[in-house]
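We use all heavy atoms of the structure for the numbers below, so side chains are in, but hydrogens, waters and symmetry mates are not. We're numbering straight along the sequence, starting at 1.
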Amino acid sequence: MINFPQKVVNLDIFVIDIKNSIKFMKFSFESLKFFRGVGEDILVDRPTIHKTRMDRRPRDLALGLHEEADNWFNMRFGVRYRSQALFITGSWTAARAYAASDQHVVRIIPAEQYRFCWSATLRDLLEYHTTANANESISNFLERNLYSEDDLKAANVSGHEVMLHCSEYIAIPYPRPPDQIGKSSLILLG
């Protein structure tokens, strides 16, 4: 939301500020849709505000690999993205694979300042098991897969896993979109 001042002192600066705000909003969480699949224990009857867990444990990745990756992200970006972030994607279908039902897919919007990280070459860190070179450390694998904190629009369009670091976020129920009706939610990693 753009905050308009009560009294404009310098119209040129005010116009530049509006243009910058619009440019930011063009490719922000307000304009791009990111999704997350949630379990049955999460209320999905209305938008809700949640605190991001800062002690996330891995769901499918071995704890040792999770911790090594977390250390790599911390050294590289100053954020423990594997344990202090929310996992989201621009793909409704990919989010549905982690949801209890179609009704348990939510759109995510950070409520405060945020940082994000993603890989343009890797859909999900679980691909480490199928695409890493023999005896390749997870640190080398992460380095090779070009993780970045840039280009939110490309992260959205890719449908890849995006790690969102923020203290609070809004979860908005987002059941199966009309263009997804009749499509399977089954995703095969191979």
Is the ring pair Phe141/Tyr128 parallel, tilted or perpendicular, if the boundaries are 30 and 60 degrees?
perpendicular
Are [X] and [Y] side-chain neighbours, meaning at least one heavy-atom pair lies under 4.5 Å?
| X | Y | result |
| --- | --- | --- |
| Cys117 | Val79 | no |
| Leu86 | Met163 | no |
| Arg36 | Arg107 | no |
| Trp118 | Ile88 | no |

Checking Phe34, Phe35, Phe116 against Phe29 for ring-ring contact (aromatic ring centres under 6.0 Å, His included), the one that qualifies is Phe34
Could you tell me which residues satisfy side-chain contact (heavy atoms from CB on, under 4.5 Å) with Glu112, sequence neighbours excluded, listed by chain and number?
Ser167, Glu168
If the condition is side-chain contact (heavy atoms from CB on, under 4.5 Å), which residues does Ala171 pass it with, not counting sequence neighbours?
Thr48, His50, Val106, Ile108, Tyr169
Distance, nearest 0.5 Å, that separates CZ of Arg76 from OG of Ser139
11.5 Å
Rounded to the nearest 0.5 Å, how far does CD of Glu136 lie from CG of Leu142?
9.0 Å
Examine distances only and state if a side-chain atom of [X] and a backbone atom of [Y] form a donor-acceptor pair shorter than 3.5 Å.
| X | Y | value |
| --- | --- | --- |
| Asp151 | Ala154 | yes |
| Trp92 | Val105 | no |
| Glu143 | Asn140 | no |

The side-chain hydrogen bond (donor to acceptor under 3.5 Å, both in side chains) partners of Tyr174 (sequence neighbours excluded) come to Lys33
Looking only at heavy atoms, which two atoms of [X] and [Y] are closest? And how far apart?
| X | Y | value |
| --- | --- | --- |
| Thr89 | Ala94 | CG2-CB, 4.0 Å |
| Gln113 | Cys166 | O-CB, 3.7 Å |
| Ala100 | Gly39 | CB-C, 3.9 Å |
| Glu68 | Ile138 | CD-CG2, 3.1 Å |
| Pro47 | Pro173 | N-CD, 3.7 Å |
| Ile170 | Ala111 | CG1-CB, 4.3 Å |

Is Leu63 reachable from Leu125 through a run of hydrophobic residues whose side-chain heavy atoms are each under 4.5 Å from the next?
no
Let me check something: do Ile49 and Ile109 share a hydrophobic cluster, defined by ILVMFWY side-chain heavy atoms less than 4.5 Å apart, either directly or through other members?
yes
Qualifying residue for salt bridge (charged side-chain N to carboxylate O under 4.0 Å, His left out) with Asp55, from Lys51, Arg57, Arg53
Arg53
Residue pair Phe77, Arg115: steps toward the side-chain contact (heavy atoms from CB on, under 4.5 Å) verdict:
CA-CA 10 Å; Phe77 300 106; Arg115 291 175 64 184; 4.0 Å; yes
Under a 3.5 Å cutoff, is there a donor and acceptor pairing between the side chains of Ser119 and Thr121?
yes
Would you please test Thr52 and Met54 for side-chain contact (heavy atoms from CB on, under 4.5 Å) and show each step?
CA-CA 6 Å; Thr52 304; Met54 295 296 161; 4.0 Å; yes
With Phe87, which residues qualify under ring pair (Phe, Tyr, Trp, His ring centres under 6.0 Å), at least two apart?
none
Can you pull the ring pair (Phe, Tyr, Trp, His ring centres under 6.0 Å) pairs that have at least one residue in residues 142-167, sequence neighbours excluded?
Phe73-Tyr147
Applying side chain to side chain donor-acceptor pair (under 3.5 Å) as the test, list every pair that has at least one member in residues 77-88; sequence neighbours left out.
Asp70-Ser83, Asn71-Arg80, Tyr81-Glu149, Arg82-Glu161
